[in-house]
Amino acid sequence: MNRSSRRAFLAQVGGAMLTAGVGSQLSSSLGVNLLWAEEAGSRLSFGPLESLVGLMQDTPADQLLPQLAAQMKLGVDLRTLLAAGALANARTFGGGDYIGFHTFMALVPAGEMARQFSGPEAALPVFKVLYRNTNRIQAFGGQKAEVLHPVAPTADAVTAQSFRDAAHQPDVNAAESQFAALMHESSSQAYNALQTLIEDEEDVHRVVLSWRAWNTLDLTGSEHAHALLRQSVRYCCKVEQQIKSRNGQGNAIRTVLPKLLDQYHLHDKPVGTKPADDKWIAELAQACYSPNRDQAAEAVAAALADGMSLAAIGEALSVAATQLVLNDPGREERWASAEKPAGCVHGDSTGVHASDAANAWRNIAAVCQPQQAMASLIVAAHHTAGQSQKMSADAFAAKPADESLAKLDANQLLAETETAIRANDQARAVAVVQHFGERQLAPQPLFQLLLKNSIAADGALHAEKYYHTVMESFGKTRPAYRWRHITALARVVASEAGHPAPGMEQARELLGVS
């Protein structure tokens with residue numbers, strides 16, 4: 001794409017020239033100096049939620065859970081606690097702390113887990129993540145180390161391109177003030193403009209943080225959209241600084257995406273509605289699983305040009321990512337630790353990361369403007385592909401099923417799954433769950449079993465996110481392929497078993513849950 005057409009595309013994505021008539025423009029920095037946008041001595045405040053937000057930041061982690069239990073007795077619901085935790089996280093870390101943003105990304109999934117319980121157990125996943133959240137906030141320095149401060153929108157005209165240029169410098173002051181101006185006009189326009197920046201690098205944390213920030217608005221309300229979405233602006237600026245410090249050029253997708261948008265005339269093309277059959281899904285999934293990233297991206301661009309639906313393309317992407325979980329040979333001995341032993345696949349494994357990223361790209365495509373939605377799926381394909389070179393040719397799920405399983409009823413198969421999980425026997429867990437699916441047994445009891453084990457395990461910061469990814473993917477995938485998702489989840493849950501989540505013993509005692 002030439003410079004003029006790229007700018008036109010970004011202008012279309014971000015909306016027309018925007019002018020925010022309030023505030024003053026913050027000072028800008030040219031070159032590679034990384035400047036943080038803030039006002040000395042100022043502090044963000046979150047209105048009616050402020051007291052709870054402060055509680056999340058100021059309470060020592062070992063004293064937090066009794067405080068949360070007391071709040072619940074006063075009538076505060078779990079969604080409100082999660083909202084306060086999200087805002088405390090954003091204000092403290094601003095998207096710049098590895099453990100911090102992992103915890104943020106687990107908040108909405110924890111809330112969804114809670115909805116699957118009717119009694120006191122519902123609070124367990126919420127308490128687990130909020131304990132982790134406050135523990136990290138305290139370790140980071142609490143209020144004294146807060147990163148997010150009020151930022152004034154620039155009074156100058158802003159486009160998606162000018163915002164992207166500021167982030168590329170990287171000038172965080174300018175990027176933050178321009179993003180504030182975009183938010184002043186429309187959070188939807190601002191989110192679309194943000195995606196032009198997210199697409200510049202294939203980074204699981206970059207895209208999942210972006211999606212979870214938008215998704216978390218269901219908890220906090222849209223009035224806090226700016227505080228949550230700013231995390232992604234700052235994350236991206238930090239990456240640009242790192243690229244410049246090593247004299248890098250950025251990811252290949254910066255060239256691949258504009259080329260494909262031009263080649264397939266996707267700038268003003270409406271989103272397609274063509275459905276897909278099983279064969280088509282399998283073929284596109286295989287293209288996205290292949291070692292060639294450019295070919296995978298082009299396969300999706302061609303499908304979009306042909307009018308295939310976003311849902312069908314997203315389904316194929318998730319199937320491909322799940323195959324990475326099933327074919328993963330596991331962590332190498334040289335990278336092993338007590339928390340992540342050799343052969344494990346939980347935490348930051350290739351397949352778990354790919355699945356969470358594919359889920360985020362699909363969801364972003366569902367809420368963005370048409371051209372941005374199509375661009376997101378092209379990047380998703382480029383992101384998913386190229387990773388199968390690290391995988392084993394022999395998938396766990398491809399192994400012959402144990403004939404003895406045919407003699408077991410549904411309850412016995414559940415017991416077998418539980419036994420395999422507690423023994424960290426990934427292969428057995430996969431075999432049993434695969435057999436569960438082949439017999440077309442009801443999936444809900446199996447999900448409940450995997451849910452309880454996911455809550456109990458530490459999960460290396462990924463248990464909640466991956467469980468939620470699988471739940472969503474299972475519900476959006478046709479019968480021919482949906483059981484691959486839950487089979488992959490069984491493998492990950494078996495991998496992470498035996499590593500108890502901090503704070504869970506105290507949470508169970510407070511809630512009276514055995």
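Below, all heavy atoms of this structure are taken into account, side chains as well, without hydrogens, waters or symmetry copies.
The shortest heavy-atom contact between Leu324 and Gly351 is CB-CA, 3.7 Å. Nearest heavy atom pair, residue Ala88 against residue Met56, reads CB-CB, 3.7 Å. Closest of all the heavy-atom pairs between Leu130 and Leu64 is O-CD2, 3.3 Å. Contact detail for Ala90 and Ala227: the closest heavy-atom pair is CB-O, 4.1 Å. For the residue pair Ala463 and Ala457, the shortest heavy atom distance occurs at CB-O, 4.5 Å. Residues Ser473 and Asn359 come closest through the heavy atom pair OG-ND2, 4.5 Å.
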Salt bridge (Lys or Arg N to Asp or Glu O under 4.0 Å), that's the test. Do Arg234 and Glu176 meet it? Break it down for me.
CA-CA 8 Å; Arg234 299 170 70 87; Glu176 280 259 60; 2.8 Å; yes

After noting the C-alpha distance and the side-chain angles of Asp328 and Arg491, does the key distance pass the salt bridge (Lys or Arg N to Asp or Glu O under 4.0 Å) rule?
CA-CA 10 Å; Asp328 195 329; Arg491 182 182 183 190; 5.4 Å; no

Are Thr103 and Asn133 close enough, and set up right, to give a side chain to side chain donor-acceptor pair (under 3.5 Å), and what steps lead you there?
CA-CA 6 Å; Thr103 305; Asn133 192 46; 5.0 Å; no

Chi angles and distances behind the salt bridge (Lys or Arg N to Asp or Glu O under 4.0 Å) call for Glu50, Arg91:
CA-CA 11 Å; Glu50 181 57 40; Arg91 186 165 68 185; 3.1 Å; yes

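For the atom pair His468 NE2 and Glu112 CD, the distance stands at 4.5 Å (nearest 0.5 Å). Taken from CE in Met72 to CG in Leu78, the straight-line distance is 4.5 Å, to the nearest 0.5 Å. To the nearest 0.5 Å, atom OG of residue Ser514 and atom CD of residue Glu121 are 7.0 Å apart. The line from OG of Ser222 to CG of Leu217 is 7.0 Å long, rounded to the nearest 0.5 Å. Rounding to the nearest 0.5 Å places OG of Ser232 at 7.0 Å from OH of Tyr191. Rounding to the nearest 0.5 Å gives a distance of 8.5 Å between CG of Asp458 and CD of Glu496.
Within a 6.0 Å sphere centred on NZ of Lys452, other residues, nucleotides and ligands contribute 12 heavy atoms or fewer.
Aromatic ring centres of Phe101 and Phe93: separated by at least 6.0 Å. If you look at Tyr235 and His205, their ring centroids are not closer than 6.0 Å. Checked against a 6.0 Å centroid threshold, the rings of His462 and His353 count as neighbours.
Side-chain contact between Gln387 and Arg293 is present, with heavy atoms from C-beta onward closer than 4.5 Å. Looking only at side-chain heavy atoms (C-beta outward), Ile455 and Tyr467 stay at 4.5 Å or farther from each other. Two residues are said to be in side-chain contact when any heavy atoms from C-beta on lie closer than 4.5 Å; Val108 and Leu82 fail this criterion. The closest side-chain heavy-atom distance from Val233 to Phe163 is below 4.5 Å. Counting only heavy atoms from C-beta outward, the side chains of Arg136 and Asn89 never approach each other to under 4.5 Å.
No hydrogens or angles considered: a donor-acceptor pair under 3.5 Å links the side chains of Asn215 and Arg212. No donor-acceptor contact under 3.5 angstrom links the side chains of Ser376 and Gln195, judged on distance only. Using a 3.5 Å distance cut-off with no hydrogens or angles, the side chains of Asp77 and Thr80 do pair a donor with an acceptor. Side chains of Asp165 and Gln161: a donor-acceptor N/O pair is present below 3.5 angstrom, by distance only.
Of the possible polar contacts, one joining the Glu201 side chain to the Asn251 backbone as a donor-acceptor pair under 3.5 Å is found. Lys476 places no side-chain N or O within 3.5 Å of a backbone atom of Ala311 that could act as its donor or acceptor partner.
Partner of Val300 under the side chain to side chain contact (heavy atoms under 4.5 Å, CB included) criterion, out of Leu260, Thr384, Leu377: Leu377 alone.
With sequence neighbours excluded, the residues satisfying side chain to side chain contact (heavy atoms under 4.5 Å, CB included) with Ala296 are Ala381, Ala385.
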